[in-house]
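For the numbers below, each heavy atom of this structure counts, side chains included, while hydrogens, waters and symmetry mates do not. One is the number of the first residue; the rest follow in order along the sequence. The structure presented is a predicted model; accordingly, all values stated were derived computationally and were not measured.
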Amino acid sequence: MNTQSNVRLNEDNLHHLPSGISVPNYDRKKVKAGIVHVGVGGFHRSHEAYYTDAYMNQTGDLNWGICGVGLRDADRKMKSILEQQNYLYTLIVKHPDGTIENQVIGCMTDFLMGCDEPNSVIQKMADADTKIVSLTITEGGYNFNPATNEFDFDNPDVIHDLANPFAPRLVFGFLTAALKLRMERGLPPFTVQSCDNIQHNGDVARKMLLAYSRKVDFELAKWIEQEVPFPNAMVDRITPVTTPADINYLASEMGVSDEWPVTCEPFHQWIIEDKFSVGRPQWQKVGAQFVADVTPYENMKIRLLNAGHSVLGILGSIHGFETIDESIQDPIFRQFLQLFMDNEVTPILPPVSGIDLDEYKQTLLIRFANPNIKDHLTRICSESASKLATFLIPTINDNLRQEGDIQCAALVLAAWCYYSDKQTDRHGKEITIIDVMSQQLHVAAAKYAVNPASFLEMTSIFGDLNKNQGFMDVYKKHLKAIYTDPNVKKHMQSIINSTALAVS
Ligand code: CS2
């Protein structure tokens with residue numbers, strides 16, 4: 001909705017916005033881009049950009065503005081809206097009690113499209129003012145084969161990039177071309193800062209970039225290996241997809257026209273290894289935590305929060321729920337999630353310094369239940385092929401190694417097979433599935449009747465799970481139960497009951 005009395009969000013109007021919306025207190029004209037960020041979606045805007053804006057507000061250090069970069073056609077809409085708004089947008093922070101905070105974020109200075117102007121992106125990254133190139137490119141964007149953990153050179157985009165080093169499509173092509181220019185110009189390298197939910201995200205980015213750059217230029221790869229830091233980081237803030245209702249809320253209740261605001265929960269966490277080549281913002285002044293080793297924190301977050309989301313997402317979709325808060329309101333879903341976290345994840349987590357795991361899990365349940373964060377299961381289940389390979393399969397493998405429990409996780413994989421095969425909920429209502437592998441998943445799952453192991457034979461996702469007889473027995477039992485009766489709650493309840501019996 002855009003009524004005449006509404007104020008359009010842009011630089012000219014920034015200090016004429018209606019009350020109830022906070023705005024940056026720094027002079028945006030003086031902001032210099034020290035960060036180039038690839039992958040400007042909701043999460044980047046609610047997290048790294050939020051911290052950077054807060055840092056500028058608090059310290060007045062304006063050397064860390066963010067130049068956004070989109071690499072795919074799909075990013076054009078974001079560029080065009082942000083451009084019209086002089087790169088301003090509203091962050092709508094929704095508390096569980098209904099309180100809403102509206103805040104304009106002002107640290108973005110520009111937005112470049114890699115697919116339209118690859119050279120501008122490469123030059124921007126190679127610019128001496130650029131100190132950090134940060135990434136939210138999703139789990140799939142790292143282009144590794146989860147079964148081998150090696151760079152996937154068979155990807156047609158990689159083949160394209162090797163043949164067109166100055167007009168690449170993937171992030172590794174851009175980073176390689178820009179770092180080459182910096183090396184040739186005698187400039188120090190930028191830091192590559194991954195902000196994706198991948199265990200050891202910095203190490204993975206490093207491994208993939210080294211594999212790719214070695215094919216391009218061996219000397220350059222050696223320089224990257226020795227000089228470029230890739231801090232690992234744990235990132236966290238639940239950020240649902242922006243809906244027309246969010247845009248309407250700002251227009252009708254706040255009197256502001258913002259074409260693409262971001263909504264998020266109040267909770268945020270960022271734990272980063274302190275390895276930067278040419279400086280960084282003092283993000284610790286606004287709540288980020290710098291530590292020597294982020295491993296225990298990322299393990300905890302990915303295996304509890306992200307996997308927990310997938311558990312609710314897959315089972316909730318089959319049940320017919322639409323959002324995370326709706327799923328967690330259901331006592332059986334809640335108990336099942338708690339059981340999964342307590343029995344299957346907690347025992348394999350190393351201790352996390354300064355964190356009480358029980359409290360952390362309770363906070364997760366409260367965050368998931370926030371009734372104002374309508375986090376759709378479509379978003380949660382999107383790209384499950386790469387998500388589950390990172391969030392859930394490693395937990396199963398750890399449990400199999402130490403004879404831990406795998407009942408809940410096996411039920412989730414069985415449910416995922418049913419979901420991929422039928423693509424409907426238990427009542428036959430179609431489910432929207434967003435996954436680059438959805439077709440392969442569907443074909444493998446649909447062979448269930450002739451070969452119940454067919455789904456798990458997709459080794460690029462499941463690795464060797466299909467060779468583990470003990471696991472396969474449990475998985476097949478759950479699979480049969482779900483195909484016989486897709487009322488997943490019944491099967492969740494029976495796992496809850498049998499675990500309670502085993503404990504008593
Ligand atoms: C979610 C994450 O996409 C997912 O599967 O689990 O986007 C999650 O909301 C964020 O990692 C929260 O920090």
Next item on the list: Take Lys361 and Thr346 through the test side chain to side chain donor-acceptor pair (under 3.5 Å) and record every step on the way to the result.
Entry: CA-CA 10 Å; Lys361 287 184 278 186; Thr346 309; 2.7 Å; yes
Next item on the list: State whether Tyr50 and Arg237 meet the cation-pi test: NZ (Lys) or CZ (Arg) under 6.0 Å from the six-membered ring centroid, and within 45° of the perpendicular axis.
Entry: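 Positive - Arg237 is close enough to the ring of Tyr50 and near enough to its axis.
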Notebook entry, point to check: Under the 6.0 Å and 45° cation-pi test, does Lys215 pair with Phe153?
Noted result: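 Here Lys215 passes the 6.0 Å and 45° test against Phe153.
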Residue pair [X] / [Y]: nearest heavy atoms and the distance that separates them:
X	Y	result
Thr432	Thr378	O-CG2, 3.7 Å
Tyr419	Ile314	CD1-O, 4.5 Å
Pro261	Ile92	CB-CD1, 4.0 Å
Val40	Gly68	CG2-CA, 3.6 Å
Leu220	Asp217	N-OD1, 3.0 Å
Val192	Leu135	CG1-CD1, 4.0 Å

Notebook entry, point to check: Would Glu265 and Asn370 satisfy side chain to side chain donor-acceptor pair (under 3.5 Å), going step by step from the backbone distance to the final call?
Noted result: CA-CA 8 Å; Glu265 61 170 345; Asn370 185 336; 5.7 Å; no
State whether a side-chain donor-acceptor pair under 3.5 Å links [X] with [Y].
X	Y	value
Tyr142	Ser194	yes
Asp435	Ser384	no
Gln193	His37	no
Gln123	Asp127	no
Asn466	Glu457	no
Asn232	Glu298	no
Thr176	Ser213	no
Thr138	Lys387	no
Asn149	Lys207	no
Asn143	Asn155	yes

Next item on the list: Run the numbers on Thr191 and Ser277 for side chain to side chain donor-acceptor pair (under 3.5 Å), then give the verdict.
Entry: CA-CA 6 Å; Thr191 299; Ser277 51; 3.1 Å; yes
Note to self: Is it the case that atom CD in Gln402 sees more than 12 heavy atoms from other parts of the structure closer than 6.0 Å?
What the structure shows: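 More than 12 heavy atoms, drawn from other residues, nucleotides or ligands, come within 6.0 Å of this atom.
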Quick one: are [X] and [Y] in side-chain contact, heavy atoms under 4.5 Å?
X	Y	answer
Phe190	Lys131	no
Cys195	Asn201	no
Asp73	Asp75	no
Trp283	Thr52	yes
Val241	His376	no
Ser46	Leu91	yes
Phe166	Pro118	no
Thr390	Asn197	no

Rounded to the nearest 0.5 Å, what separates atom [atom1] in [X] from atom [atom2] in [Y]?
X	Y	atom1	atom2	result
Leu339	Met341	CG	CE	10.0 Å
Ile122	Leu175	CD1	CG	10.0 Å
Leu465	Leu413	CG	CG	7.0 Å
Asp405	Thr395	CG	OG1	12.5 Å
Asn468	Asp473	CG	CG	9.0 Å
Leu392	Glu344	CG	CD	8.5 Å

Salt bridge check: are [X] and [Y] linked by an N-O gap of less than 4.0 Å?
X	Y	answer
Lys429	Glu322	yes
Asp161	Arg169	no
Asp116	Arg76	yes
Asp398	Arg401	yes
Lys79	Asp110	no
Asp485	Arg426	no
Asp203	Arg206	no

Between [X] and [Y], does the ring centre distance come in under 6.0 Å?
X	Y	answer
Trp260	Tyr89	no
Phe218	Trp223	no
Tyr483	Tyr448	yes
Tyr87	Phe111	no
Phe174	Phe172	no

Notebook entry, point to check: Under the 3.5 angstrom rule, does the side chain of Asn451 hit a backbone N or O of Ala453 as a donor-acceptor pair?
Noted result: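 Side chain of Asn451 to backbone of Ala453: a pair is present.
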Notebook entry, point to check: Any sub-3.5 Å donor-acceptor pair from Asn164's side-chain atoms to Ala167's backbone N or O?
Noted result: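 Side chain of Asn164 to backbone of Ala167: no pair is present.
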Next item on the list: Could you tell me how the ring of Phe333 sits relative to the ring of Phe321: parallel (under 30°), tilted (30 to 60°) or perpendicular (over 60°)?
Entry: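 Taking Phe321 first and then Phe333, their aromatic rings stand perpendicular (interplane angle over 60°).
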Checklist line | From CA spacing to verdict: side chain to side chain donor-acceptor pair (under 3.5 Å), Thr323, Asp375 | finding: CA-CA 5 Å; Thr323 60; Asp375 203 3; over 6 Å; no
Next item on the list: For the pair Glu225 and Arg214, evaluate salt bridge (charged side-chain N to carboxylate O under 4.0 Å, His left out) and give the outcome as yes or no after the intermediate values.
Entry: CA-CA 10 Å; Glu225 190 169 15; Arg214 276 187 194 121; 3.8 Å; yes
Checklist line | Residue that, paired with Arg45, satisfies side chain to side chain contact (heavy atoms under 4.5 Å, CB included) out of Ile105, Ile66, Leu82 | finding: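 The option that passes is Leu82.
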Checklist line | Those residues that, when tested against Asp330, pass salt bridge (charged side-chain N to carboxylate O under 4.0 Å, His left out) (two or more places apart) | finding: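 Salt bridge (charged side-chain N to carboxylate O under 4.0 Å, His left out) list for Asp330, sorted by chain: Lys489.
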